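Right, one structure below, let's go through it.
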There are 2 protein chains.
Amino acid sequence: MNGKIFIIEDEPSIIQLVQHNLEKEGFIVSSSLNGNEGLKELKKFEPNLLLLDWMLPDLSGIDICKNIRKDNSFKDLPIIMLTAKGEEEDKIKGLDSGVDDYLTKPFSFNELMARIKAVLRRSNPNTVSDNLEFEDLVLDRIEKRVFRDKKEIKLGPTEFRLLEFFLSNPKRVYSRDQILENVWPNNVNVESRTIDVHIRRLRQSVNIKDKKELIRTVRSSGYSLI
Amino acid sequence: MNGKIFIIEDEPSIIQLVQHNLEKEGFIVSSSLNGNEGLKELKKFEPNLLLLDWMLPDLSGIDICKNIRKDNSFKDLPIIMLTAKGEEEDKIKGLDSGVDDYLTKPFSFNELMARIKAVLRRSNPNTVSDNLEFEDLVLDRIEKRVFRDKKEIKLGPTEFRLLEFFLSNPKRVYSRDQILENVWPNNVNVESRTIDVHIRRLRQSVNIKDKKELIRTVRSSGYSLI
DNA sequence: TTAGTTTGTAACAATTCTGTAACATAATAA
DNA sequence: TTATTATGTTACAGAATTGTTACAAACTAA
């Protein structure tokens, strides 16, 4: 998951929490505590999505919204509005003003994340791709297909998940424990040597003559893409 | 398993139990009985993980959480929240205060241990992201690679850990005892001369023609980077 | 059902890593 | 200087880790 997200929200604790978690998810995040300043910074930052608080000390969220929509280069910027509880009526207005979605505080991060993904996918398909890529390797999560060098590769379910996991963070070395935790269904007990065998199978499928080895063994640590 | 764990929890019996068991597992543990004092001590202690009680006499767990997340040097500190049953669980989760995991009292030590391991695995390699650097030497802990002068150097597992240890505090002279304690798995007995041999191997790998020696011998004291 | 896949494990092979001993050399003290 | 102690260097056996293969059980699709 990638993309740039801007937050305008006057409560620092919310900014901290959301920003922290979004960055952990791989987004580039910037923020502002008030409307006027936020508008300026936003235009410099050029985000792919805006999280906008409804109640701000200077401008209301709706004013910001209108302002943004006037600016030609941002008239398609997806906006998710954050509203405090009990601002029900205003929601409707909010939607009228060109907001893409709204979220009522307090919200869980998972909720927020789901909305962000949905909105980004809907309005900016390029920033959120369901393909994982690494060099000449492409994994299509939706169609469950894998290509190397434009040619399709057939993988079994486990090899697919294994490769998907490696691609989530290419080059990073994962221990067998980490692989087990993330690739196998929870609380399934398999020997760690089993992973070696699946690595072997994945290697066999993924390797192409005249192409370099894709999976690196790091002795006493685990495996990684390379 | 190693690392530093801090506990903020007002019930002494729980602290006793948890602390004792964690120390037996090889963790360095410190604790505090209340929020305000805990916050101060925590920042001095610089833990790798925090066990945080939800109900405290002075501050609530969530306040502490927010406070921690504001501090830049601790915004990635993994936190496991301890809650009593029925203690507004939903609220805690709903607010998503940046907590990494929850545990409902009463819990077994095994449960706790499992969560700790999972959280540490999940968040430590990520947050500790960083490369260790010293002059033209770079050690990438995530990808488990070492570079000197931009060129990759192949190291065995022990040499890697050895170098990693030296890089944690470059220029500092470590005695053979300290090296043993930190580089070799706990309760392994090896002769101290063995270290000399590994130093030799590390030197051989790390040294480059026309570049100065990187590892200094301090007679009767130990070794250090230089 | 049946035929074809997929999966986990065991067993063995291949490879790499480690610790130690033994000897060489360097530094220090007497 | 010589004696003594600390460190450097090398070689090697056996530990430990990983690669590979084969096979039976579990699973799927027709």
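In this text the structure is predicted, and so the values were computed from the model without any measurement. Quick note on labels: first sequence line is chain A, next is B, and so on, each numbered from 1.
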Notebook entry, point to check: Using rotation axes that map the C1' atoms of four end pairs onto the next four (five pairs an end), what angle separates the end axes of the helix from C:dT1-D:dA30 to C:dA30-D:dT1, to 10°?
Noted result: 30°
Note to self: Rounded to whole Å, how long is the line connecting atom CD1 of B:I199 with atom P of D:dG8?
What the structure shows: 8 Å
Check: Are any of the side-chain nitrogens in A:R145 or A:D140 under 4.0 Å away from the carboxylate oxygens of its partner?
Finding: no
Notebook entry, point to check: B:K154 side chain to B:V146 main-chain N or O, any donor-acceptor pair under 3.5 Å?
Noted result: no
Notebook entry, point to check: Is the base of D:dG8 touched by the side chain of B:R201 through a donor-acceptor pair closer than 3.5 angstrom?
Noted result: no
Check: Would you say a side-chain N or O of A:W184 is under 4.0 Å from OP1 or OP2 of C:dG8?
Finding: yes
Notebook entry, point to check: What is the distance from atom CD of B:E143 to atom CD of B:E152, rounded to the nearest 0.5 Å?
Noted result: 9.0 Å
Next item on the list: Figure out the CG/C1' separation between B:D196 and C:dA26, and round it to whole Å.
Entry: 14 Å
Margin query: Regarding D:dG19, can its base be found pairing with the side chain of A:R203 as donor and acceptor, where the two atoms are less than 3.5 Å apart?
Written below: no
Margin query: Tell me the interatomic distance from B:H198, atom NE2, to D:dG8, atom C1', rounded to whole angstroms.
Written below: 15 Å
Item checked: Phosphate OP1/OP2 of D:dA6 contacted by B:Y223 side-chain N/O (<4.0 Å) -> no
Notebook entry, point to check: What about A:R219: does its side chain form a donor-acceptor pair under 3.5 Å with the base of D:dT17?
Noted result: yes
Margin query: Is B:T158 close enough to C:dC17 that one of its side-chain N or O atoms is under 4.0 Å from OP1 or OP2 there?
Written below: no
Next item on the list: For B:F160, report the nucleic acid contact type (base, sugar-phosphate, nothing); a contact means any heavy atom under 4.0 Å.
Entry: nothing
Check: In whole angstroms, how far is the P atom of C:dG8 from the CG atom of A:L180?
Finding: 10 Å
Next item on the list: Tell me what A:V218 touches on the nucleic acid: a base, only sugar-phosphate, or nothing, going by heavy atoms under 4.0 Å.
Entry: sugar-phosphate
Next item on the list: Salt-bridge test for B:E46 and B:K4: reply yes if a basic N is under 4.0 Å from a carboxylate O, no otherwise.
Entry: no
Margin query: Expressed as a whole number of angstroms, how long is the span from B:R161:CZ to D:dA16:P?
Written below: 14 Å
Check: Between A:R200 and D:dT20, does any side-chain N or O lie under 4.0 Å from OP1 or OP2?
Finding: yes
Margin query: In whole Å, I'd like the distance from the CD1 atom of A:I195 to the C1' atom of C:dG8.
Written below: 12 Å
Margin query: Tell me the interatomic distance from B:K154, atom NZ, to C:dT16, atom C1', rounded to whole angstroms.
Written below: 13 Å
Check: B:R193: what forms a salt bridge (Lys or Arg N to Asp or Glu O under 4.0 Å) with it, not counting sequence neighbours?
Finding: B:D196
Margin query: Could you work out, with salt bridge (Lys or Arg N to Asp or Glu O under 4.0 Å) as the rule, every residue matching B:K43, not counting sequence neighbours?
Written below: B:D71
Check: Of the nucleotides C:dA10, C:dA21, D:dT20, which has the atom closest to the B:E191 side chain?
Finding: C:dA21
Margin query: From C-beta outward on A:V190, which listed nucleotide comes closest to its side chain: C:dT9, D:dG19, D:dG8?
Written below: C:dT9
Check: Atom CD of A:Q204 and atom C1' of D:dA22: how far apart are they, to the nearest Å?
Finding: 13 Å
Notebook entry, point to check: How would you label the contact of A:T217 with the nucleic acid (heavy atoms, under 4.0 Å): base, sugar-phosphate, or nothing?
Noted result: sugar-phosphate
Notebook entry, point to check: For B:T194, which contact category applies under a 4.0 Å heavy-atom criterion: base, sugar-phosphate, or nothing?
Noted result: base
Checklist line | B:E41 and B:S32: side chain donor to acceptor below 3.5 Å | finding: no
Checklist line | Mutual orientation of the aromatic rings belonging to B:F165 and B:Y174 [parallel < 30°, tilted 30-60°, perpendicular > 60°] | finding: tilted
